[in-house]
Amino acid sequence: MKSKFVIAAASACLIVAPAQAQKIVPGQPMQTTYNNGVYGSTVLSPGFLPDPVDISVQAGGPLDVSNIVNGCDGYMTDQPSYIVNFTAQGTAPLIFSVNSGDDATIMVRSPDGTNHCDDDSGQNGNNPSLAFQSPRAGEYRVWVGRYWNANPAAATLRISEYSSH
């Protein structure tokens with residue numbers, strides 16, 4: 001069954017260690033110490049332009065996140081796909097969505113350390129979308145995955161205050 005879940009970071013059994021000190025091993029906790037995402041990072045403030053921000057990414061990776069974070073699905077990399085530092089409390093939603101011809105998934109670790117996961121709430125019924133209605137200032141770590149397998153698939157990560165499409 002594919003659906004939305006919010007999971008406390010404490011239940012995710014996270015290890016904080018230098019990035020070079022831990023190998024990517026299925027069944028092991030995902031890293032929390034990376035300074036950049038695989039496809040980069042950015043700083044955004046409420047009212048950012050252009051809106052949306054579109055980032056070309058490859059969905060997927062060697063880790064079956066369902067073995068690492070309860071309630072999350074998909075195959076992802078250990079390192080976040082992208083990191084957003086949001087500089088102030090927002091009044092408009094902060095929306096993370098993925099557009100892919102494949103069945104993509106998303107996991108966002110919000111500034112309070114909570115993992116938010118989605119599979120099919122976005123565009124075309126096979127794409128994920130997560131909206132933070134009153135986004136907090138801080139770091140949002142975003143992982144883009146594939147539901148069925150680890151092979152990479154082209155995708156676009158979209159960050160917006162207005163739309164997931």
Spacing of [atom1] belonging to [X] relative to [atom2] belonging to [Y], to within rounding of 0.5 Å:
{"X": "D118", "Y": "S97", "atom1": "CG", "atom2": "OG", "result": "10.0 Å"}
{"X": "N127", "Y": "S121", "atom1": "CG", "atom2": "OG", "result": "10.5 Å"}
{"X": "N36", "Y": "R141", "atom1": "CG", "atom2": "CZ", "result": "9.0 Å"}

Heavy-atom check, side chain of T114 versus side chain of R109, under 4.5 Å: no
With a 4.5 Å heavy-atom cut-off, do Y39 and S56 have their side chains touching? no
Can a donor-acceptor pair be found, under 3.5 Å and without considering hydrogens, that links the side chain of W143 to the backbone of T77? yes
Under a 3.5 Å distance rule, please check whether N99 uses its side chain to pair with a backbone N or O of T156 as donor and acceptor. no
Please determine whether side-chain hydrogen bond (donor to acceptor under 3.5 Å, both in side chains) holds for the pair D51 and S160, giving the CA-CA distance in whole Å, both sets of side-chain angles, and the decisive distance to 0.1 Å. CA-CA 6 Å; D51 184 340; S160 177; 2.6 Å; yes
Hydrophobic clustering (ILVMFWY, side-chain heavy atoms < 4.5 Å, transitive) - are Y82 and Y75 grouped together? no
Is it true that F132 and F86 have ring centroids separated by less than 6.0 Å? no
Applying ring pair (Phe, Tyr, Trp, His ring centres under 6.0 Å) to F96 and H116, what does each step give before you reach the verdict? CA-CA 11 Å; F96 296 91; H116 305 261; 9.7 Å; no
Could you pull out the closest heavy-atom pair between T105 and M76, with the gap in Å? OG1-CE, 3.4 Å
Can you tell me if T87 and S45 form a side-chain donor-acceptor pair at under 3.5 Å? yes
